[in-house]
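Everything numeric here is computed off the predicted structure, so don't read it as measured data.
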Amino acid sequence: QVQLVESGGGLVQAGGSLRLSCAASGVTFSSYHMGWFRQAPGKEREFVGAIVWRGDSTYYADSVKGRFTASRDNAKNTVYLQMNSLKPEDTAVYYCAAANRIYNILRRNAYSYWGQGTQVTVSS
């Protein structure tokens, strides 16, 4: 059974930092691209960033580029999202997701497994 479990969310002041983690089990982790998405109240889920299966390429939404960094440790079956210079508009539930590496990492429908999400709240 595939499980993705996010952690590291919380309440932080604007300008602060958080590091999200997503631990995977039940999959051959190194065979999957890993993505991060977020959903704010009343809004659709949106792409935040992603990292390819080998960890040597990353992609980001324009809204987080230069502030967020995705990384992964295939030995620990874990992907991370380092979030710096947080803004109130970053407030959302953050989800990690896994896409088989044969698919396009930037296609939303490539992601077949999802975590339960972790809340990030940025106060002004």
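Applying the disulfide bond (SG atoms under 2.5 Å apart) test to every pair with at least one member in residues 48-87, sequence neighbours left out, gives no pairs at all. The disulfide bond (SG atoms under 2.5 Å apart) contacts involving residues 58-93 comprise nothing, where partners must be two or more places apart or lie in separate chains. Every pair tested for salt bridge (charged side-chain N to carboxylate O under 4.0 Å, His left out) that includes a residue from residues 69-79 fails, sequence neighbours excluded, so the list is empty. Pairs passing the salt bridge (charged side-chain N to carboxylate O under 4.0 Å, His left out) check and including a residue from residues 97-116, sequence neighbours excluded, do not occur. Each disulfide bond (SG atoms under 2.5 Å apart) pair with one or both residues in residues 46-103, not counting sequence neighbours, appears once here: Cys22-Cys96.
In this structure, Gln119 and Val93 approach most closely via the heavy-atom pair OE1-CG2, 3.3 Å. Scanning all heavy atoms of the two residues, the minimum distance from Trp53 to Asn74 falls at O-ND2, 3.1 Å. Taking both residues in full, the closest heavy atoms of Tyr95 and Glu6 are given as CA-OE2, 3.2 Å, listed atom of the first, atom of the second, then distance. Between Asn77 and Phe29 the shortest heavy-atom distance is OD1-CB, 3.3 Å. Counting all heavy atoms, side chain and backbone alike, Ala92 lies closest to Arg38 at CB-CB, 3.8 Å. Val27 and Ala24 get closest at one heavy-atom pair: CG2-CB, 4.1 Å.
Every residue was checked against the side chain to side chain donor-acceptor pair (under 3.5 Å) condition with Ser57, not counting sequence neighbours, and none meets it. For Arg19, the side chain to side chain donor-acceptor pair (under 3.5 Å) test picks out no residue, with sequence neighbours left out. For Gln3, the side chain to side chain donor-acceptor pair (under 3.5 Å) test picks out no residue, with sequence neighbours left out. By the side chain to side chain donor-acceptor pair (under 3.5 Å) test, Arg54 is found to be paired with Asp56, residues two or more places apart in sequence or in another chain being considered. In this structure Glu89 satisfies the salt bridge (charged side-chain N to carboxylate O under 4.0 Å, His left out) test with no other residue, sequence neighbours excluded. Every side-chain contact (heavy atoms from CB on, under 4.5 Å) that Ala98 has, sequence neighbours left out, goes to Leu4, Tyr32, Met34, Tyr113.
Hydrophobic clustering of Ile, Leu, Val, Met, Phe, Trp and Tyr side chains at less than 4.5 Å, counting indirect connections, keeps Val79 apart from Ile105. Both Leu86 and Trp36 are assigned to one and the same hydrophobic cluster, defined by single-linkage of ILVMFWY side chains at heavy-atom distances under 4.5 Å. Ile51 and Tyr80 are not part of a single hydrophobic cluster, where members link through side-chain heavy atoms under 4.5 Å apart. By the criterion of side-chain heavy atoms lying less than 4.5 angstrom apart, applied directly or through intervening Ile, Leu, Val, Met, Phe, Trp or Tyr residues, Val52 is not grouped with Leu81; the two fall into different hydrophobic clusters.
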Margin query: Go through it in stages, so that I can follow the logic: the residues are Met83 and Ser17, the test is side-chain contact (heavy atoms from CB on, under 4.5 Å), and I'd like the CA-CA distance, side-chain angles, deciding distance and then a yes or no.
Written below: CA-CA 5 Å; Met83 306 186 295; Ser17 298; over 6 Å; no

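Summarising the geometry, atom NZ belonging to Lys87 is positioned 14.0 Å from atom OG belonging to Ser124; distances are rounded to the nearest 0.5 Å.
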Can you give each donor-acceptor pair under 3.5 Å made by side-chain atoms of residues 64-71, sequence neighbours left out, with the distance rounded to 0.1 Å?
unit_1	atom_1	unit_2	atom_2	d
Lys65	NZ	Asp62	OD1	3.1
Arg67	NH1	Ser85	O	2.9
Arg67	NH1	Asp90	OD2	2.7
Arg67	NH2	Ser63	O	2.9
Arg67	NH2	Asp90	OD1	3.0
Arg67	NH2	Asp90	OD2	3.4

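The backbone N or O of Ala99 lies less than 3.5 Å from no partner atom in the side chain of His33, so there is not a single donor-acceptor pair.
Val120 pairs with exactly one of Leu20, Thr91, Leu11 by the side-chain contact (heavy atoms from CB on, under 4.5 Å) rule, that one being Leu20.
Aromatic ring centres of Phe37 and Tyr111 lie closer together than 6.0 Å.
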